[in-house]
Amino acid sequence: MKSCITKMCIIPFLLLAMATNLASGQGTRAGFYSRTCARAESIVQSTTGGVTWVVPTGRRDGRVSLASDTSSLPGFTDSMDVQKQKFAAKGLNTQDLVTLVGGHTIGTSACQFFRYRLNNFNSTTAADPSINSAFLPQLQSLCPATGDATKRVGLDNGSEDKFDASFYTNLGNGRGILESDQKLWTDASTKPFVQRFMGIRGLAGLSFNIEFGKSMVKMSNVGVKTGTNGEIRKVCSAIN
């Protein structure tokens, strides 16, 4: 058992543990590896950091991977109704949608996914009117119309390397990078959740750290494979 304590060998051991446990038909749950590798989850937590909530573990990988399946994922030009429908199809509600999109507090987007908002947005306006007029020149400078479409820009302007609720504040200020993100502020059903994460006075506040953990756990239980369904991939990006 000592061999599973080192960070270098933890992943292979977890794969073996998952194969052993899931053969008995168990699904995801907290403490999934408590018998096969008692310290596994605490080691992973100490290695990654940032995760302070209890995370159910023990998912298997699917054996089929089709590009067409991505149509069920939210797209950067999707209307809010479409986004809500896609989340609802997975058992996730409107609050989950607003919360999980908040994961954009960390990360970047290529210019090609939002540059159309900056110039020739539609037949009546050059730029997306939901973009803050003072922020627009900054985006146009970062992603000029004829510039490198693969250049990456932080999704949470001014705080792209920090896990916090500033993403929602940016939406309230018209500084959302993706059109689908900014729509969280302009849609009547999602705006109240954005405001609650922002801590708007008069509304019951929501803690982003707490709610994100809850929604992530909820999402992790969507379509769980148990028993002999699926497989434990030897290489994460390829079917065995």
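These figures come from a predicted structure and were not determined experimentally.
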J.: May I ask you to test the M80-Q85 pair for a side-chain heavy-atom distance under 4.5 Å?
T.: no
J.: In the structure I gave you, are the side-chain heavy atoms of N229 and R60 within less than 4.5 Å of one another anywhere?
T.: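 The answer is no; the side chains never approach within 4.5 Å.
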J.: Do D181 and L171 come close enough that some side-chain heavy atom pair is under 4.5 Å?
T.: yes
J.: Could you give me the CA-CA distance, side-chain angles and deciding distance for D81 and S79, then say whether side chain to side chain donor-acceptor pair (under 3.5 Å) is met?
T.: CA-CA 5 Å; D81 283 341; S79 68; 5.3 Å; no
J.: Quick one: which of R115, R117, R152 gives a side-chain contact (heavy atoms from CB on, under 4.5 Å) with C143?
T.: R115
J.: Under a single-linkage definition using a 4.5 Å side-chain heavy-atom cutoff for Ile, Leu, Val, Met, Phe, Trp and Tyr, are F167 and V153 assigned to the same hydrophobic cluster?
T.: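 No; V153 is not reachable from F167 via cluster members.
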J.: Give, for atom CG of N119 and atom CG of D128, the distance between the pair rounded to the nearest 0.5 Å.
T.: 11.5 Å
J.: Under the 3.5 angstrom rule, does the side chain of K234 hit a backbone N or O of N240 as a donor-acceptor pair?
T.: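 Here the side-chain-to-backbone pair does not exist.
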J.: Please name the pair of heavy atoms, one in S133 and one in P137, separated by the smallest distance, quoted to 0.1 Å.
T.: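 Nearest pair, atom of S133 first, then P137: O-CD, 3.2 Å.
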J.: Closest approach of Y116 and F113, non-hydrogen atoms and distance?
T.: CE2-O, 3.4 Å
J.: Any side-chain heavy-atom pair from L178 and L155 closer than 4.5 angstrom?
T.: yes
J.: Any chance the rings of F212 and F163 have centres within less than 6.0 Å?
T.: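 Yes, they do, as the ring centres are separated by less than 6.0 Å.
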J.: Check for a donor-acceptor pair, side chain of T108 on one end and backbone N or O of G154 on the other, with a separation under 3.5 Å.
T.: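 Checking the backbone N and O of G154 against the side chain of T108, no donor-acceptor pair under 3.5 Å is found.
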J.: Taking the side chain as every heavy atom from C-beta outward, state whether D156 and D161 have any atom pair closer than 4.5 Å.
T.: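 They are not in contact (no side-chain heavy atoms under 4.5 Å apart), so the answer is no.
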J.: What are the two closest heavy atoms between S109 and F114, and how far apart are they?
T.: OG-CD2, 3.9 Å
J.: Flag yes if L184 and F197 sit in one hydrophobic cluster, no otherwise; membership is Ile, Leu, Val, Met, Phe, Trp, Tyr, and two members link when side-chain heavy atoms are under 4.5 Å apart.
T.: yes
J.: Quick check on side-chain contact (heavy atoms from CB on, under 4.5 Å): which of L92, N93, V82 does F87 satisfy it with?
T.: L92
J.: Is the ring centre of F208 less than 6.0 Å from the ring centre of Y168?
T.: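 Here the rings of Y168 and F208 have centres that are less than 6.0 Å from each other.
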J.: Is the closest basic N to carboxylate O distance between E231 and R63 below 4.0 Å?
T.: yes
J.: Is it possible for you to say whether M216 and V222 belong to one hydrophobic cluster, with membership spreading through side-chain heavy-atom contacts below 4.5 Å?
T.: no
J.: Work out which heavy atom in L118 is nearest to a heavy atom in Q140; give both atom names and the distance.
T.: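 Distance-wise, the nearest heavy atoms are O-NE2, 3.1 Å.
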J.: Kindly say whether T169 contributes a backbone atom to a donor-acceptor pair with the side chain of R175 at under 3.5 angstrom?
T.: no
J.: Measure across S189 and T94 and return the closest heavy-atom pair with its distance rounded to 0.1 Å.
T.: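 In terms of heavy atoms, the two residues are closest at O-CG2, 3.7 Å.
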J.: S166 and D164: side-chain donor and acceptor closer than 3.5 Å?
T.: yes
J.: Nearest 0.5 Å please: distance from the CG atom of N120 over to the OG1 atom of T125.
T.: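 Going from CG on N120 over to OG1 on T125, the span is 10.0 Å.
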J.: Within the structure provided, determine whether D96 and K90 are in side-chain contact (heavy-atom separation under 4.5 Å).
T.: no
J.: If you look at every heavy atom in K84 and D187, which pair is closest and at what distance?
T.: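 Distance-wise, the nearest heavy atoms are NZ-OD2, 4.0 Å.
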J.: Less than 3.5 Å apart, any donor N or O on the side chain of S207 or N209 sitting next to an acceptor on the other?
T.: no
J.: Check whether W185 and L97 end up in the same hydrophobic cluster, where Ile, Leu, Val, Met, Phe, Trp and Tyr are linked by side-chain heavy atoms less than 4.5 Å apart.
T.: yes
J.: Among K86, Q83, K183, find the residue that satisfies the side chain to side chain donor-acceptor pair (under 3.5 Å) test when tested with D78.
T.: K86
J.: Answer yes if M219 and I106 sit in the same cluster of Ile, Leu, Val, Met, Phe, Trp and Tyr residues linked by side chain heavy atoms under 4.5 Å apart, and no otherwise.
T.: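 Cluster IDs for M219 and I106 match.
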J.: Quick one: does V98's side chain get under 4.5 Å of E211's, heavy atoms only?
T.: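 No - every pair of side-chain heavy atoms lies 4.5 Å or more apart.
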